Amino acid sequence: MEIKKDGKFDLLALGEVMLRFDPGEGRVRNARSFTVWEGGGEYNVARALSKCFRLKTTVATALCENEIGFLIEDLIMQGGVDTSFIQWKTFDKIGKSCRNGLNFVERGFGIRGAKGTSDRGNTAVSQIKEGDFDWDKIFSSGVRVFHTGGIFCALSGSTSAAALEAVKKAKEYGAVVSFDFNFRPSLWACLENEAEVKKNIGEILRYTDIVFGNEFDFSKVLGFETEKGADIDVHDDERYLRFMKNVSEKYPNISLIATTVRTVHSASSNSLRAVCFEKGRDELLKTKTLENLCVLDRIGSGDSFASGLLYSLMNGGETKYALEVALAHAALAMTTPGDTSSASKSEVLDIVNKKSAKVVR
């Protein structure tokens with residue numbers, strides 16, 4: 001797998017951008033005020049690469065043309081992500097046929113886990129279909145990495161088809177394709193054309209170079225059989241290796257499959273490590289475990305993991321080192337509120353280089 005050295009955009013993400021309402025230390029059910037962030041599984045990767053790693057990124061998405069949509073656009077701009085490929089959909093004045101997505105998220109604490117409540121039916125982005133974007137024009141301008149994922153695909157049958165159209169064009173123009181399963185039961189529970197979406201995701205993986213996911217994702221979305229006599233457990237590295245070798249046989253184009261491995265002691269304390277299956281290797285690449293991490297807000301840490309890995313690979317890093325960078329960025333993302341990290345590149349690299357958390361003055 002070779003990533004182009006330069007391009008107009010280091011990364012293009014295709015996905016939804018919602019408003020996240022955060023009640024801080026409180027609960028959604030009795031909140032009187034919220035902090036508002038923008039966020040979305042695919043977009044979060046673009047934002048982190050822009051703000052933390054100082055790369056040039058853009059997002060292909062759709063927003064309803066009203067004050068909420070303009071707020072989301074403004075937040076995207078603050079994140080340093082290019083807005084050239086936002087499609088604006090007509091607002092019907094009450095949001096019956098077109099609206100912008102909302103996501104109410106409480107962080108959790110101790111024995112109370114984090115909890116998200118989505119309000120995202122009939123959003124502008126869910127109506128994206130094949131032909132809506134001029135992918136030839138977009139990719140011919142120069143895109144190094146194209147990133148999309150299971151959240152966008154599961155919004156509707158048309159979005160998964162649009163994602164498939166995009167990845168085909170990405171490969172045609174020499175971009176590396178990255179896909180994050182990001183399986184969300186709440187999305188799949190109300191999906192009317194589940195079989196069509198699963199088929200499209202299976203086709204997308206035939207054009208994909210880098211996948212973020214684990215045995216659970218592949219089995220739930222693509223129907224891969226798991227080993228008999230045991231529950232899915234990504235803590236079993238040998239089992240994970242065997243499973244990913246099976247995936248690689250079906251999708252020989254995939255170069256890397258990476259995932260975090262999380263032990264939840266409580267909502268406020270997690271241990272975290274990462275593993276990666278690399279095509280052609282007979283063993284997993286692994287990081288050491290970051291034990292008993294203090295967690296302020298774990299939402300979006302997986303997207304920070306993906307952005308850290310992609311940054312390091314785009315910067316010429318070896319896969320093992322890229323995995324360490326990805327883990328460090330994911331860990332730092334859990335120390336701040338919001339869907340994406342507030343870390344700097346130097347802070348991420350300090351974690352990789354084993355520097356302490358002492359005060360810097």
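No hydrogens, no waters, no symmetry mates; every other heavy atom, side chains included, goes into these values. Here the structure is a predicted model, which is why all the values come from computation and not from measurement. Each residue takes its place number in the sequence, starting with 1.
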Checking side chain to side chain contact (heavy atoms under 4.5 Å, CB included) for the pair T340/W37: CA distance, chi angles, key distance, verdict?
CA-CA 9 Å; T340 59; W37 316 83; over 6 Å; no

Could you go through S271 and L293, starting from their C-alpha distance and side-chain angles, then the distance that decides it, and tell me whether this counts as side chain to side chain contact (heavy atoms under 4.5 Å, CB included)?
CA-CA 6 Å; S271 293; L293 293 168; over 6 Å; no

Where do Y173 and I138 land on the side chain to side chain contact (heavy atoms under 4.5 Å, CB included) test, with the steps shown first?
CA-CA 10 Å; Y173 284 92; I138 292 171; over 6 Å; no

Under the side chain to side chain contact (heavy atoms under 4.5 Å, CB included) criterion, do I151 and E42 qualify, and how do the steps go?
CA-CA 8 Å; I151 293 177; E42 297 84 8; 3.6 Å; yes

Would you sort out whether D119 and R99 count as a salt bridge (Lys or Arg N to Asp or Glu O under 4.0 Å), showing the intermediate values?
CA-CA 10 Å; D119 182 16; R99 57 196 294 269; 3.0 Å; yes

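Put simply, CZ on F305 and CG on N44 are 15.5 Å apart, with the number rounded to the nearest 0.5 Å. Atoms CG and CD1, on N66 and I94 in that order, are 12.5 Å from each other to the nearest 0.5 Å. Atom CG of L11 sits about 10.0 Å away from atom CZ of R144, to the nearest 0.5 Å. Atom OH of Y251 is separated from atom CE of M244 by 12.0 Å, given to the nearest 0.5 angstrom. Summarising the geometry, atom CG belonging to L256 is positioned 8.5 Å from atom CG belonging to D209; distances are rounded to the nearest 0.5 Å. Rounding to the nearest 0.5 Å gives a distance of 8.0 Å between CG of L55 and CG of N315.
Judged purely by atom type and a 3.5 angstrom limit, S158 has no side-chain atom pairing as donor or acceptor with the backbone of K129. Put simply, the side chain of T159 gets close to the backbone of F152: a donor and an acceptor are under 3.5 Å apart. Proximity of a side-chain donor or acceptor of N253 to a complementary backbone N or O of L205 within less than 3.5 Å is detected. With hydrogens and angles disregarded, a donor-acceptor distance shorter than 3.5 Å links the side chain of D92 to the backbone of S97. In this structure, S266 contributes its side chain and S268 its backbone to a donor-acceptor pair below 3.5 Å. Formation of a donor-acceptor pair under 3.5 Å by the K279 side chain with backbone atoms of P252 is found in this model. When atom types are taken as modelled, the side chain of D303 and the backbone of V45 share no donor-acceptor pair closer than 3.5 angstrom. Distance alone, capped at 3.5 Å, places no donor-acceptor pair between the S301 side chain and the M334 backbone. Using modelled atom types, no side-chain atom of K115 and backbone atom of G108 make a donor-acceptor pair closer than 3.5 Å. Between the side chain of R32 and the backbone N or O of N30, at least one donor-acceptor pair lies under 3.5 Å.
Residues V17, F21, V28, F34, V36, Y43, V59, L63, I68, F70, L71, I72, L75, I76, V81, I86, W88, L102, F104 make up the rest of the hydrophobic cluster containing L19, defined by ILVMFWY side-chain heavy atoms closer than 4.5 Å, directly or through other members.
Taking every heavy atom of both residues into account, T58 and A46 meet most closely at O-CB, 4.1 Å. F212 and S178 make their closest contact through CE1-OG, 3.4 Å (heavy atoms, listed as atom of the first residue, atom of the second, distance).
Among residues at least two apart or in separate chains, salt bridge (charged side-chain N to carboxylate O under 4.0 Å, His left out) pairs with a member in residues 178-194 are E194-K198.
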Let me check something: any side-chain donor-acceptor pairs from residues 316-327 under 3.5 Å, sequence neighbours excluded? List them with distances.
residue : atom : partner : partner atom : Å
T319    : OG1  : E278    : OE2          : 2.8
K320    : NZ   : K286    : O            : 3.1
K320    : NZ   : E324    : OE2          : 2.9

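Salt bridge annotation for R27-E106: present, with a cationic side-chain nitrogen under 4.0 angstrom from a carboxylate oxygen. Taking 4.0 Å as the cut-off between side-chain N and carboxylate O, R273 and D237 count as a salt-bridged pair. Ion pair D136/K169 flagged as a salt bridge, since at least one NZ, NE, NH1 or NH2 atom sits closer than 4.0 Å to an Asp/Glu carboxylate oxygen.
Annotation for K199: atom NZ does not count as buried by contact number, only 12 or fewer foreign heavy atoms lying within 6.0 Å. Within a 6.0 Å radius of NZ in K171, other residues, nucleotides and ligands contribute more than 12 heavy atoms.
Paired with I257 under the rule side chain to side chain contact (heavy atoms under 4.5 Å, CB included), one option of V247, L284, T208, N214 passes, and it is V247. Residue E215 forms a salt bridge (charged side-chain N to carboxylate O under 4.0 Å, His left out) with just one option from R239, K245, R242, and that option is R239.
The aromatic rings of W135 and F146 sit perpendicular to each other, their planes meeting at more than 60°, with 30° as the lower class boundary.
Looking at R206 and K250, their side chains come closer than 4.5 Å, going by heavy atoms from C-beta outward.
H329 has its ring centre no less than 6.0 Å from the ring centre of Y311.
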